[in-house]
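The structure under discussion appears below in the form of structure tokens.
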There are 2 protein chains.
Amino acid sequence: MIKITIIGSGNVAQHLIKAFTKSEQIEIVQVFSRKKESVLNLVNADRIVTEFANLHESDLYIISVSDDAISEVSEQLPFKNQLVVHTSGTTSIDVLDSKNRKGVFYPLQTFSKAKSVDFSIIPICLETENPGDYTILDTIAKSISEAVFSISSEQRKSLHVSAVFVNNFTNHLYQIGQEICENNQVPFDILKPLILETADKIKFLSPADAQTGPAKRHDSTTIEAHLNYLTDENQRNIYKLLTQSIQHNDKTL
Amino acid sequence: MIKITIIGSGNVAQHLIKAFTKSEQIEIVQVFSRKKESVLNLVNADRIVTEFANLHESDLYIISVSDDAISEVSEQLPFKNQLVVHTSGTTSIDVLDSKNRKGVFYPLQTFSKAKSVDFSIIPICLETENPGDYTILDTIAKSISEAVFSISSEQRKSLHVSAVFVNNFTNHLYQIGQEICENNQVPFDILKPLILETADKIKFLSPADAQTGPAKRHDSTTIEAHLNYLTDENQRNIYKLLTQSIQHNDKTL
């Protein structure tokens, strides 16, 4: 059994605890959580520690805390030469304290407390300072996921920016869609199959090939009608900018 | 059997032909197509007509042509007092010629020639000029879909604008994500599970509740880092505007 310690009790930490608990190759030795109660439903009380001094030996320490706390947490660890990773998409491997062997274990997914996920299809992006540490991290990642990638800190930056576009911004467009529907007494449910199909399409088609709509068709009559229809200035600005962007892409192809 | 005639041979027409062919309640009497070959694989040659004069009697005529051709096609129909509908999300019921009984049969989905769809989950939005015609349209729609809605022309406008946001613009954000990945030698495949999960989430969570990311967290360090990272002016503008919009929404809640 490979011994793992999870440091943190947020969304990502909780999903990792659940995934590792199911793996037969992994033992979660301890979970460090300032608030014991937030992980009490996931791990036995005697394995929860609230003081760094009480951390036992482990093959891997996974720091899963907010980005700006990673550095400080890594400094506070009361040991040296152990394998210590963080789980952040935006944070360089360098923020980890150099007294330990550094790495990154970044599961690229959007985690909600309210919704369970199938970890086996979640891509995990790995990076280690020492090439020799990569194998153990790879083994651990593959114990919970079928999609494990070696990704440098520089590549991870680009992934995270892309993720903001395809996840955060996309979800915001859903919200705008919902607002427009609700302002017109139309159930947002009507749009849900369209939303799912739009996402599903990219399994088979590149986004460029899947692009449809008035912007793509350069259908200026419909674009004008939509802009006249929208009364919210912010929604109009987004409509204009994304329409221009689709048409700009067209020209540069 | 309810008799249906399809006028047109584009994407939507072809998907409708496939769906009605499977229904035991519906008989496709004829398909009108200027180019006979485009529907030859879907319907027997003797049921394809290329001249309006050769159209037989039918319970419903579905005009599924480009938006700007609907009006002219409806004028050219060589009969009166029949039930005639179009399938457009953007076009008012009023563009149909008044010599026939008007209606709208709008399947709200994104149709690609390359990808088959499960019509049973596609919402169909219905409208009829005469309340008496609604029942037949409803029966026909329910023969291929489990999601049939009565939607006025005014409501349909709002649905179509919303659809542009959640489908066309969302797909464009996928394309930007892909470009950022490819410019950094990162496989876009890593983002596909995230894209699917983002869409899947809205089945259980409202977009407002599902919103995550640096904009939502007001994490100005990450937002600055992302803007510094993006070199494409267009991508930077979209990043800024959507970040502002997410934060603006936050304040107005």
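Residue numbering restarts at 1 for every chain, and letters A, B, ... go by the order of the sequence lines.
The closest side-chain heavy-atom distance from A:Val186 to B:Phe149 is not below 4.5 Å.
A side-chain donor-acceptor contact under 3.5 Å links B:Asn171 and A:Gln211.
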> Stepwise, does the side chain to side chain contact (heavy atoms under 4.5 Å, CB included) test hold for A:Phe165 with B:Ile238?
Replying inline: CA-CA 9 Å; A:Phe165 279 89; B:Ile238 293 171; 3.9 Å; yes
> Checking side chain to side chain contact (heavy atoms under 4.5 Å, CB included) for the pair A:Thr198/B:Thr110: CA distance, chi angles, key distance, verdict?
Replying inline: CA-CA 7 Å; A:Thr198 305; B:Thr110 169; 4.2 Å; yes
> Between A:Glu197 and B:Ile122, is a side chain to side chain contact (heavy atoms under 4.5 Å, CB included) present by the stated rule, with each step listed?
Replying inline: CA-CA 10 Å; A:Glu197 175 68 12; B:Ile122 294 180; over 6 Å; no
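Counting heavy-atom pairs under 4.5 Å between each of B:Thr90, B:Ile121, B:Val164 and chain A puts B:Val164 at the top. The residue among B:Thr222, B:Ile202, B:Asp68 with the most heavy atom pairs within less than 4.5 Å of chain A is B:Ile202.
Contacts of A:Gln178 with chain B are made by side-chain atoms alone, with heavy-atom separations under 4.5 Å and no backbone atom involved. For A:Glu154, the parts lying near chain B are the backbone and the side chain together; criterion is any non-hydrogen pair under 4.5 Å. With a threshold of 4.5 angstrom between heavy atoms, B:Ala225 does not approach chain A through any atom at all. Both the backbone and the side chain of B:Leu242 come within contact range of chain A, judged by heavy atoms closer than 4.5 Å.
Here NE2 of A:His172 is found 11.0 Å from OG1 of B:Thr170. Values are rounded to the nearest 0.5 Å. The structure places CD1 of B:Ile190 at 8.5 Å from OG of A:Ser158, a figure rounded to the nearest 0.5 Å. Of the inter-residue distances, the one linking B:Thr212 atom OG1 with A:Asn167 atom CG reads 4.5 Å to the nearest 0.5 angstrom.
Note on ring orientation: taking the six-membered ring where Trp is involved, the planes of A:Tyr239 and B:Phe169 are perpendicular (angle over 60°, cut-offs 30° and 60°).
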